[in-house]
Amino acid sequence: MSFNDDVYDLVRLIPYGRVTSYGAIAKYLVDNRASRRVGWALNNSFHVESEVPAHRVVNRNGMLSGAMHFPPDRPMAQLLKEEGVDVENGQVVEFNRVFWDPMTEL
DNA sequence: TTGTTGACGCTCA
DNA sequence: CTGAGCGCCAACA
């Protein structure tokens, strides 16, 4: 399954304290329409043995739409804050500043 | 096999 | 500025 692996690899490349969006990943790998598959891939990342910093991936607005799918003992917002990313009300503060775009960074 | 669902994103009213 | 709706496509019942 190369798509999932590609997603995992790319997510692992996200620098500490930075975040990116599903759409950015999808566009970099295939095209914008694949964003839904990215979400599914990350969902799978939990049952995969390789660790994937899925908390660094949010939707295009910087909202933690996937927070509810994280383990209760490992809240998405908390993980981000521990990396220095401010999260407020389920949304990344100054998303534009911490946004990491694979298209331009790679 | 068919229908529904979803960690999205874009468009239109 | 909001909210509703639609398209995509793989997984699942």
Side-chain angles (χ1 to χ4, degrees):
Chain A
M1 232 198 242
S2 79
F3 182 80
N4 280 30
D5 294 332
D6 287 343
V7 172
Y8 302 151
D9 286 339
L10 188 55
V11 171
R12 277 192 273 258
L13 289 178
I14 302 174
Y16 182 94
R18 306 289 294 285
V19 298
T20 192
S21 72
Y22 300 96
I25 293 174
K27 184 166 187 179
Y28 179 76
L29 296 178
V30 194
D31 75 296
N32 267 355
R33 332 253 173 181
S35 48
R36 290 198 101 117
R37 291 196 291 169
V38 175
W40 181 85
L42 288 178
N43 188 26
N44 267 338
S45 75
F46 282 116
H47 83 67
V48 173
E49 51 179 280
S50 50
E51 286 185 29
V52 180
H55 58 280
R56 293 183 187 152
V57 186
V58 296
N59 69 5
R60 76 177 186 96
N61 291 315
M63 302 204 297
L64 313 187
S65 28
M68 45 191 273
H69 296 279
F70 271 71
D73 56 317
R74 251 183 137 170
M76 195 175 186
Q78 184 181 313
L79 292 174
L80 286 172
K81 284 186 175 181
E82 286 174 3
E83 297 192 354
V85 179
D86 254 349
V87 178
E88 196 172 303
N89 224 351
Q91 180 169 323
V92 176
V93 179
E94 299 202 280
F95 177 60
N96 287 315
R97 210 161 59 74
V98 294
F99 180 67
W100 180 80
D101 186 359
M103 297 298 270
T104 60
E105 304 283 346
L106 295 182

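So that the names make sense, note that chain A is the first sequence line, chain B the second, and so on, each numbered from 1.
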First and last nt of DNA chain C near chain A, cut-off under 4.0 Å to heavy atoms, 5' to 3', are C:dG7 to C:dA11
Out of A:Val19, A:Val11, A:Leu10, which residue meets the side chain to side chain contact (heavy atoms under 4.5 Å, CB included) rule with A:Val57?
A:Val11
Distance-only, no hydrogens or angles: does the A:Ser35 side chain make a donor-acceptor pair with backbone N or O of A:Tyr22 under 3.5 Å?
no
Say whether, by atom type as modelled, one donor and one acceptor occur between the side chain of A:Tyr16 and the main chain of A:Gly84 under 3.5 angstrom.
no
Walk me through whether A:Thr20 and A:Tyr28 qualify under side-chain contact (heavy atoms from CB on, under 4.5 Å).
CA-CA 11 Å; A:Thr20 192; A:Tyr28 179 76; over 6 Å; no
Is A:Asn89 reaching over with its side chain to a backbone N or O of A:Gln91, donor-acceptor style, under 3.5 angstrom?
no
So which heavy atom on A:Ala24 is nearest to which on A:Asp101, and how close?
CB-OD1, 4.4 Å
Between A:Phe95 and A:Asn59, what is the shortest heavy-atom contact and its length?
CZ-O, 4.0 Å
Assign each of A:Asn32 and A:Met68 the nucleotide of DNA chain B bearing its closest heavy atom; nearer the 5' end lies the nucleotide of A:Met68
Does anyone know the first and last nucleotide of DNA chain B in reach of chain A, 5' to 3', at under 4.0 angstrom to a heavy atom?
B:dG6 to B:dC10
In short, ring pair (Phe, Tyr, Trp, His ring centres under 6.0 Å) pairs touching residues 42-65 of chain A with sequence neighbours left out are A:Phe46-A:Phe70
Under a 4.0 Å heavy-atom cut-off, which of residues 40-51 of chain A touch DNA chain B?
A:Leu42, A:Asn43, A:Phe46
Over 12 non-hydrogen atoms of neighbours within 6.0 angstrom of CZ in A:Arg33
no
Quick check on A:Asn61: does its CG atom have over 12 non-hydrogen neighbours (other residues, nucleotides or ligands) under 6.0 Å away?
yes
When every non-hydrogen atom of A:Ser50 is compared with those of A:Arg12, the smallest separation belongs to CB-NH1, 3.5 Å
Do you know which two heavy atoms are closest between A:Gly23 and A:Asn32, and how far apart they sit?
O-OD1, 3.8 Å
When you group the ILVMFWY residues by side-chain heavy-atom contacts below 4.5 Å and let the links chain together, are A:Val85 and A:Leu79 in the same group?
yes
Counting only heavy atoms not in A:Glu82 (residues, nucleotides, ligands), do more than 12 fall under 6.0 Å from its CD?
yes
Assign A:Arg36 to base, sugar-phosphate, or nothing according to its heavy-atom contacts below 4.0 angstrom with the strands shown.
base
Under 4.0 Å from any atom of DNA chain B, heavy atoms only: list the residues of residues 73-97 of chain A that qualify, in numerical order.
none
Below 4.0 angstrom, which residues in residues 52-67 of chain A have at least one non-hydrogen atom near DNA chain B?
A:Ala54, A:Asn59, A:Arg60, A:Ser65, A:Gly66
Is there a donor-acceptor contact under 3.5 Å from the side chain of A:Arg56 to the main chain of A:Leu13?
no
